[in-house]
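So the structure is just underneath, and the comments pick up after that.
A quick note: this is a predicted structure, and the numbers were derived from the prediction, not measured. Position 1 is the first residue of the sequence; numbering continues from there.
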Amino acid sequence: MLVEALTHRSWCADHAGASSNERLEFLGDSVLALVVTDHIYTAFPEMAEGQLAPLRSEVVRAETLADLAEQLQLAKALRLGRGEEVSGGREKPSILSDAMEAVIGAVYLDAPWEVLVDLVRGWLAEPIASASRGPGFRDFKTRLQEHCARCGYKAPEYRLSERGPDHAKQFLAVVHVDGEERGRGGGRSKKQAEQAAAAAAWHTLEPEAVAAP
């Protein structure tokens with residue numbers, strides 16, 4: 001099931017008889033939603049339905065799952081067809097998030113429910129904690145880009161570097177606004193590093209952002 005969970009449909013096009021991860025992805029999507037819904041319902045009794053729904057959406061969105069897949073290094077194990085391999089499929093958020101859901105579906109079929117719940121809660125503990133502060137709280141890249149547009153700046157530019165062994169790789173992002181460095185940040189994935197850099201830049205520009213119309 002793990003092999004199937006990591007098999008993209010493009011691989012099947014090149015290898016007759018292989019099964020893609022689409023069915024497991026379909027299952028994992030529903031299982032993930034249930035685990036997250038049950039957890040936030042219990043963990044945040046003060047939240048109304050109107051707050052719980054966007055919180056869940058923030059946690060189970062493709063970007064969050066793609067970040068998780070990067071942290072677990074699923075990209076290295078993906079089985080991709082030649083076309084996707086050449087076009088950078090291992091870095092596409094849609095492929096990574098689908099594979100993550102497929103892995104969750106495989107765990108659901110293979111392990112006791114309690115094991116699955118503990119695993120998913122552990123994987124998503126940080127995104128849940130951050131998102132619980134408010135929908136969109138973590139999306140500093142969007143905040144920074146919108147602020148730059150309002151103030152007439154060029155779009156933020158991110159420069160990435162990496163260090164450390166493959167099993168413990170760390171990424172560093174530096175964001176420039178109008179040619180000037182405005183923030184730095186690190187993380188276990190490229191997206192985490194860029195968000196951290198954007199957050200640093202946002203807090204630097206916050207007085208200006210608050211005053212902007």
Side-chain angles (χ1 to χ4, degrees), residues 1-40 53 56-128 131 138-139 141-142 158 160 162 164-171 173 187-195:
M1 280 191 293
L2 178 58
V3 171
E4 182 177 328
L6 297 172
T7 301
H8 188 255
R9 62 177 177 271
S10 62
W11 172 276
C12 301
D14 294 341
H15 299 80
S19 298
S20 78
N21 62 6
E22 291 179 323
R23 282 175 54 83
L24 285 174
E25 174 206 337
F26 170 77
L27 177 63
D29 176 67
S30 296
V31 171
L32 174 64
L34 177 57
V35 172
V36 172
T37 300
D38 178 71
H39 175 63
I40 63 176
R56 179 181 59 194
S57 297
E58 176 78 8
V59 174
V60 303
R61 64 183 184 144
E63 292 83 357
T64 302
L65 297 179
D67 282 347
L68 177 58
E70 285 191 13
Q71 293 172 31
L72 297 175
Q73 300 185 50
L74 289 190
K76 295 181 179 180
L78 288 175
R79 300 208 297 176
L80 301 176
R82 289 186 296 273
E84 282 294 350
E85 193 72 71
V86 172
S87 64
R90 294 185 189 277
E91 296 183 357
K92 292 182 179 179
S94 59
I95 291 179
L96 290 172
S97 62
D98 288 349
M100 194 68 249
E101 289 179 337
V103 168
I104 291 172
V107 174
Y108 167 76
L109 293 175
D110 186 64
W113 175 255
E114 294 78 10
V115 172
L116 170 70
V117 170
D118 287 344
L119 192 63
V120 172
R121 285 182 178 180
W123 281 342
L124 296 175
E126 188 277 330
I128 290 173
R138 297 183 304 133
D139 194 4
K141 286 186 67 176
T142 298
Y158 296 86
L160 282 163
E162 58 186 68
D166 288 344
H167 68 276
K169 194 174 290 296
Q170 290 288 320
F171 293 89
R188 294 177 59 186
S189 70
K190 295 176 183 178
K191 291 182 178 61
Q192 282 186 346
E194 289 180 348
Q195 283 287 354

Practice problem: Could you tell me the separation between the NE2 atom of H39 and the CZ atom of R56, rounded to the nearest 0.5 Å? | Solution: 14.0 Å
Quiz item: Can you find a pair of side-chain heavy atoms, one from I104 and one from W123, that are under 4.5 Å apart?
Solution: yes
Quiz item: Got a salt bridge between R79 and D14, using NZ or NE/NH1/NH2 to carboxylate O under 4.0 Å?
Solution: no
Quiz prompt | Heavy-atom side-chain proximity of K92 to E84 below 4.5 angstrom | solution = yes
Self-check item: Salt-bridge present (K190, E70; N to O < 4.0 Å)
Solution: no
Practice problem: Output the distance between atom CZ (R9) and atom OG (S19), rounded to the nearest 0.5 Å. | Solution: 15.0 Å
Quiz item: CD of E101 to CG of L24: how many Å apart, nearest 0.5 Å?
Solution: 11.0 Å
Exercise. Could you check if a side-chain atom of M1 sits within less than 4.5 angstrom of a side-chain atom of V107, using non-hydrogen atoms only?
Key: no
Exercise. Over all heavy atoms of both residues, which pair between G81 and S10 is shortest? Give the atoms and the distance, please.
Key: N-OG, 2.8 Å
Quiz prompt | Minimum side-chain heavy-atom gap D29-V60 below 4.5 Å | solution = no
Quiz item: If we only count heavy atoms from C-beta on, is the V36 to L124 side-chain gap below 4.5 Å?
Solution: yes
Quiz item: Considering all heavy atoms of both residues, which atom of E58 and which atom of T64 are nearest to each other, and what is their separation?
Solution: O-OG1, 3.0 Å
Exercise. Any chance you could measure D110, atom CG, to L2, atom CG, to the nearest 0.5 Å?
Key: 9.5 Å
Quiz item: Are any non-hydrogen side-chain atoms of V35 and W113 less than 4.5 angstrom apart?
Solution: yes
Exercise. Please name the pair of heavy atoms, one in D67 and one in S189, separated by the smallest distance, quoted to 0.1 Å.
Key: OD1-OG, 3.8 Å
Quiz item: Which distance, rounded to the nearest 0.5 Å, do you find between the CG of L6 and the NZ of K76?
Solution: 14.0 Å
Quiz item: Any sub-3.5 Å donor-acceptor pair from S20's side-chain atoms to W11's backbone N or O?
Solution: no
Practice problem: Give a yes/no verdict on a cation-pi contact between K191 and F171, requiring under 6.0 Å between NZ or CZ and the six-membered ring centre and an angle within 45° of the axis. | Solution: no
Quiz item: Any side-chain heavy atom of R90 sitting closer than 4.5 Å to one from I95?
Solution: no
Exercise. Heavy atoms only: give me the nearest S94-S97 pair and the separation to one decimal.
Key: O-OG, 3.1 Å
Exercise. Have a look at L65 and tell me which of L32, L96, V59 forms a side chain to side chain contact (heavy atoms under 4.5 Å, CB included) with it.
Key: L32
Exercise. Would you mind reporting whether C12 and T7 have side-chain heavy atoms less than 4.5 Å apart?
Key: yes
Self-check item: Residues, nucleotides or ligands: over 12 heavy atoms within 6.0 Å of R121 CZ
Solution: yes
Practice problem: Give the minimum heavy-atom separation between A193 and L160, together with the two atoms involved. | Solution: CB-CD2, 4.3 Å
Quiz item: With sequence neighbours excluded, what pairs up with Q170 under the side-chain hydrogen bond (donor to acceptor under 3.5 Å, both in side chains) test?
Solution: none
Quiz item: Hey, which of L80, D98, L78 is the one that makes side chain to side chain contact (heavy atoms under 4.5 Å, CB included) with H8?
Solution: L80
